[in-house]
Number of protein chains: 2
Amino acid sequence: MNTMSSITTKTPPTAEPAYLKIKNHVLSQIQNGVWQEGDLIPTEMALCEQFQVSRMTVNRALRELTGDQLLVRIKGSGTYVAQPKFQSTLIEIRSIAQDIRERGHRHTSRVLQLDTKAASKVQLQRFGLAAGTQLFHSLIIHHDNGIPIQLEDRVVDASIAPDYLKQDWELMTPNEYLMRVAPLPTGDYTIEVRFPLRKSPELWISKQASPVC
Amino acid sequence: MNTMSSITTKTPPTAEPAYLKIKNHVLSQIQNGVWQEGDLIPTEMALCEQFQVSRMTVNRALRELTGDQLLVRIKGSGTYVAQPKFQSTLIEIRSIAQDIRERGHRHTSRVLQLDTKAASKVQLQRFGLAAGTQLFHSLIIHHDNGIPIQLEDRVVDASIAPDYLKQDWELMTPNEYLMRVAPLPTGDYTIEVRFPLRKSPELWISKQASPVC
DNA sequence: AAGTGGTCTAGACCACAGT
DNA sequence: CTGTGGTCTAGACCACTTA
């Protein structure tokens, strides 16, 4: 018997789910500066009472905003407005291997070339390197489920990553290695991407030069 | 009284939450090819029985995987393995304005310079343009809550975006405009980013040349 | 009509932080 | 110790798809 119970006044025809209402409320509090970066925001219980919903609903809203990097939640302490991360404002430098794994695919790679050269005049000028700087050069092909998907042509300042040539690039990608060795890109970073050719979008060519100063 | 109840055999010392176990199970089914792209995967109820958990737990696992683009869920129909999107494998070209708004901040911008020039020899060669190609050049500063955060120095092939100079760049960013005019980057795309200077990470300089062929 | 996912509830136990 | 977030349950109603 689904006859209307006498008490519940549920779902007025607004149609917007409660967890979205809460997300938007939190968002606007932050946008309007009511809650500043680093501030402690109301607890789940407080929001439950304010919105007259159960705790799981508030929890979902706050958890999703945490995933969006807008909030930081600390067990036993509270929920805070996150500091913005400026690192990834314009472009996000990603790991191709991580991307493939996140898609649920198998990532493999093959090293085609690996050598050392002195920086050319163009490179010296372009990245502001000292004359005589040695550069490592690697050419690696990445596969997604066995399909070649990206050809990575990378140049790295030898003084930044002296053990570059000794790595096993079929285990860890240069991106992942350099993130460990020099996690904060403090110098110039240039990425050139050749987008998929019309009609054959399977193979990308990526040139990456990372002579972190 | 928290004496152990006689029935519940909860939380064996594995410590891994149930929703993560389910996520990992789904992931490995996909990675091992048991569930292929486009396949219908078991229903929430089926997974409830398989893992002996409540539906909300299964729902959370599948909902998060949907957010990660690994699954597609259709109300009334079922849950399917998603098709991978290759568009954003290496780098993700983002809208600075969108980024700022997603952080809950206010985005404004000011046009410093806007003009037309013939492509230089270096540009002709670098992007493989026909001699005499006209290029638009814009210099725009982006603010995050009033703080200058990025100086965008962009060069665009005039034949791709003939109305480039007529746009109101304080309403829409060049990125957003070009995504509408030429949504599929079929040619070369070069991005140069000067990362934040040590100690003053507030201002980025970004040069973007987008002469889509 | 039966099945599916989308949402929600009113509880609960736990680990942890800040007294 | 109290309060917080992290997780989980066993139900429930709804909108939608599929047959």
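Letters go in sequence order (proteins before strands), and every chain restarts at 1.
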Open item on the list: Keeping B:Asn32 on the side-chain end and B:Ser28 on the backbone end, is there a donor-acceptor pair under 3.5 Å?
Closed with: yes
- [ ] For A:Ile74 and for A:Ala18, locate the closest nucleotide of DNA chain C by heavy-atom distance; then report the residue assigned to the nucleotide nearer the 5' terminus.
- [x] A:Ala18
Open item on the list: From CE of B:Met45 over to P of C:dG6, roughly how many Å is that when rounded to an integer?
Closed with: 15 Å
Task: A:Asp39 and A:Gln29, any side-chain heavy atoms less than 4.5 Å apart - done: no
Open item on the list: On the nucleotide D:dT7, are OP1 or OP2 found under 4.0 Å from the side-chain N or O atoms that B:Arg60 carries?
Closed with: yes
Open item on the list: Per the ring-ring contact (aromatic ring centres under 6.0 Å, His included) rule, what does the pair list look like for residues 54-78 of chain B, sequence neighbours excluded?
Closed with: none
Task: Summary of salt bridge (Lys or Arg N to Asp or Glu O under 4.0 Å) pairs that have at least one residue in residues 51-61 of chain B, sequence neighbours excluded - done: B:Glu44-B:Arg55, B:Arg60-B:Glu64
Task: Distance, rounded to the nearest Å, where B:Ile41 contributes CD1 and C:dG5 contributes C1' - done: 12 Å
Task: Atom-to-atom span, NZ of B:Lys75 to C1' of C:dC8 - whole angstrom - done: 14 Å
- [ ] Please give the angle, rounded to 10 degrees, between the axes at the start and the end of the helix from C:dA1-D:dT18 to C:dG18-D:dC1, where five pairs define each axis.
- [x] 0°
TODO: Using a heavy-atom cut-off of under 4.0 Å over every strand shown, decide if A:Leu62 touches base, sugar-phosphate, or nothing.
DONE: nothing
Task: Flag side-chain contact, heavy atom, 4.5 Å: A:Trp35 against A:Val26 - done: yes
TODO: Mind calculating the distance between CZ (A:Arg63) and P (C:dC8) to the nearest angstrom?
DONE: 13 Å
- [ ] Round to the nearest Å and state the distance from B:Lys21 atom NZ to D:dT7 atom P.
- [x] 12 Å
Task: Which residue lies more 5' along DNA chain C, comparing A:Tyr80 with A:Pro17 via nearest heavy atoms - done: A:Pro17
- [ ] Using atom CG of B:Asn59 as one end and atom P of C:dC8 as the other, report the distance to the nearest whole Å.
- [x] 11 Å
Open item on the list: Applying ring-ring contact (aromatic ring centres under 6.0 Å, His included), can you list everything that pairs with A:Tyr80, at least two apart in sequence or on another chain?
Closed with: none
Open item on the list: With a 4.0 Å cutoff (strictly under), does any side-chain N or O of B:Tyr19 reach OP1 or OP2 of D:dT7?
Closed with: yes
Task: Of residues 47-55 of chain A, the positions that come close to DNA chain C - non-hydrogen atoms, cut-off under 4.0 Å - done: A:Gln52, A:Val53, A:Ser54, A:Arg55
Task: 5'-most by nearest nucleotide on DNA chain D - A:Thr43 or B:Thr57 - done: A:Thr43
Task: Sequence neighbours excluded, every pair satisfying ring-ring contact (aromatic ring centres under 6.0 Å, His included) that has a member inside residues 48-69 of chain B - done: B:His25-B:Phe51
Task: Check: B:Lys23 side chain, B:Leu65 main-chain N or O, donor-acceptor pair, under 3.5 Å - done: no
Open item on the list: Rounded to whole Å, how long is the line connecting atom CE of A:Met56 with atom P of D:dG11?
Closed with: 17 Å
- [ ] Answer whether the closest heavy-atom distance between the side chains of A:Leu71 and A:Ile30 falls below 4.5 Å.
- [x] yes
Task: Side chain proximity check, B:Leu62 to B:Leu47, heavy atoms < 4.5 angstrom - done: yes
Open item on the list: Using whole Å, what does the distance between atom C1' of nucleotide C:dA12 and atom CD of A:Glu44 come to?
Closed with: 14 Å
Open item on the list: Go nucleotide by nucleotide along DNA chain D from the 5' end; which of A:Arg73 and B:Gly76 gets its closest nucleotide reached first?
Closed with: A:Arg73
Task: Contact under 4.0 Å: B:Thr79 side-chain N or O vs C:dG5 OP1/OP2 - done: yes
